[in-house]
Number of protein chains: 2
Amino acid sequence: MLSKKTKYGIKALVYLARQEDRMPVQISTISQSENISRKFLESILLSLRKNGLLGSKKGKGGGYYLLKDPKEIPMTTVMRLLEGPIAMVPCVSLNFYEKCDDCTDEDVCAVNKLMLKVRDNTLEIFRNTTLADLSN
Amino acid sequence: MLSKKTKYGIKALVYLARQEDRMPVQISTISQSENISRKFLESILLSLRKNGLLGSKKGKGGGYYLLKDPKEIPMTTVMRLLEGPIAMVPCVSLNFYEKCDDCTDEDVCAVNKLMLKVRDNTLEIFRNTTLADLSN
DNA sequence: GCATTATCCTACTAAATCGATAGGGTTTAA
DNA sequence: TTAAACCCTATCGATTTAGTAGGATAATGC
C-alpha cells in the first residue's frame, strides 16, 4: 500500500508543477485545494525541500516551489524520496538492497524471481513518467 | 513492502508444488527447509487451507498438500489471499475498490493515473505466472 | 483403546509504523 | 514592528506486523 505521505506528496508536487510561474505557493493553499491536513503536508514539503526537490521562501509571500522543470523530474526520484524502495522485497532492490535472513540461495528463490519481474516493470513505468506527464 | 506472511506463504506453496506426489507435508518439514518460524507458518497454512488453496490431513502422517495442479494456480490468487489488494491505492483496485476521502475527481487525480498503470502491469505479471512457473 | 503425532483454534504481546497534532522558533515583507 | 509564513522537534493514539503460548481435536498404528 502507498502511504498517505507519498500520495499527498505526489499531489502537492503535481499542484506545484501545474503553476505556470515558479512563484512560491503557500502550504495552506495546497492543503486546502487537495484536502490534506496542513501540518502533515508541512512536514512532507519540508522533507522534499531537504532532499533537493523543492525550494522555499520564508516570511510573508513565501512558500514552496519546484527547483526544476517538471519534465526533468522522473517519478523514480519522487517515489524513492517519499516511499523509499520501489521493489517489494529488499533482495531485489537496486538502491536499498538487503539480503534476506531466511534465504540460502537467491537464484533459486521463487519470491526473488517473481518480485524481480514486478520491480522491472514498475521501474520502467516510473522512469518513463515525469511530473510533467502527470500534470496534464 | 511485501509482508513476511506473503513471502513465507509463497515459499511454502512453491515447496508443496515441487513435490511430485500430492502426499501431505508436515509444517515442520517446510518450516525447517525454508527457515520459517514454525508457529507463524502454521497460521499461514491454516489460512490458505481455509481459503481453499490447500488441503490438510490431521494426525500421524498428516500435513498440508495442494488441492490443485500448480499450473492452475495463478499468482493473482495467491497474492490476493496472502497480501490483499494488488493495487497500491484502493481507488485503482479491482477487487478491493474504495474511494479516496480527499479526492474530488478520480479522473483528474495524478496518483490515480499513475497507480493505474502500475497496477495493470503488475496484474499482468501475476496473471501470467503460476505456481508451476515459480517451481522450476 | 490408548499413546503418539499432527493439525486446529483462540488469544495475547512486543515492536514498529502511520498519520497526524502541538507548540513554539525564525525569517521576511510591508 | 507586526503579521505572515516556513522551520523544527517532540509526542501520541491507532493500527499492523510478526510472532508466541497453550491447549483442543482428530487420525494413525500398535
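Throughout, protein chains are lettered first and strands after them, A, B, ... in sequence-line order, and every chain is numbered starting at 1. What you see is a predicted model; the values in this text were computed from it and never measured. Computed from heavy atoms alone, side chains included, the values below leave out hydrogens, waters and symmetry copies.
- Between Lys7(A) and dG19(C) there is no side-chain polar atom (N or O) within less than 4.0 angstrom of OP1 or OP2.
- Residue Ser43(B) places no side-chain N or O under 4.0 Å from the OP1 or OP2 atom of dC9(C).
- The listed nucleotides are dG23(D), dA20(C), dC6(D); the one nearest the side chain of Lys39(B) is dG23(D).
- Here dC6(D) presents its C1' atom at 12 Å from CG of Leu41(A), a figure rounded to the nearest Å.
- The 5' end of DNA chain C is approached more closely, in terms of each residue's nearest nucleotide, by Ser28(B) than by the other of Ser28(B) and Lys60(A).
- Nucleotide dT28(D) holds its P atom 13 Å from the CD atom of Gln26(B), rounded to whole Å.
- Asp105(B) contributes atom CG, which lies 9.5 Å from atom CG of Asn112(B) (distance to the nearest 0.5 angstrom).
- The CG atom of Leu45(A) sits 9 Å away from the P atom of dC7(D) (whole-angstrom rounding).
- Between atom CG of residue Leu123(B) and atom CE of residue Met79(B) there is a gap of 11.0 Å, rounded to the nearest 0.5 Å.
- Phosphate proximity of dT7(C) to Arg49(B): absent, as no side-chain N or O sits under 4.0 Å from OP1 or OP2.
- In this structure, Ile44(B) atom CD1 and dC9(C) atom C1' are separated by 16 Å, rounded to whole Å.
- Distances shown here put every side-chain N or O of Tyr65(A) at or beyond 4.0 Å from the OP1 or OP2 atom of dC6(D).
- Between the side chains of Glu83(B) and Ser3(B), at least one donor N or O lies within less than 3.5 Å of an accepting N or O.
- For Ser3(A), no side-chain nitrogen or oxygen approaches OP1 or OP2 of dT17(C) to under 4.0 Å.
- Arg38(B) and Ser28(B) share a side-chain donor-acceptor pair at under 3.5 Å.
- Contacts of Ile27(B) with the nucleic acid, taken as non-hydrogen atoms under 4.0 Å apart, involve only primed sugar atoms and P, OP1 or OP2.
- When the side-chain nitrogen and oxygen atoms of Ser56(A) are compared with OP1 and OP2 of dC7(D), one or more of them lie within a distance under 4.0 Å.
- A 6.0 Å sphere centred on CG of Asp101(A) holds no more than 12 heavy atoms belonging to other residues, nucleotides or ligands.
- Taking every side-chain heavy atom of Phe40(A) into account, dA20(C) is the closest of dC9(C), dC8(C), dA20(C).
- Phosphate proximity of dA18(D) to Tyr8(B): absent, as no side-chain N or O sits under 4.0 Å from OP1 or OP2.
- In this structure, the CD atom of Glu34(A) is 17 Å from the P atom of dG19(C), given to the nearest Å.
- The distance between atom CZ of Arg38(B) and atom P of dT7(C), rounded to the nearest whole Å, is 6 Å.
- Put simply, NZ on Lys4(A) is 13 Å from P on dT15(D), counting in whole angstrom units.
- Ranking dT20(D), dA30(C), dC6(D) by closeness to the Lys58(A) side chain, first place goes to dC6(D).
- The base of dC8(C) sits with one of its N or O atoms less than 3.5 Å from a complementary donor or acceptor on the side chain of Glu42(B).
- When the P atom of dT28(D) is taken as reference, atom CE of Met23(B) falls 11 Å away, rounded to whole Å.
- Distances shorter than 4.0 Å separate some side-chain N or O of Lys57(B) from OP1 or OP2 on dT28(D).
- Hydrophobic clustering (ILVMFWY, side-chain heavy atoms < 4.5 Å, transitive): Val92(B) and Met88(A) are in distinct clusters.
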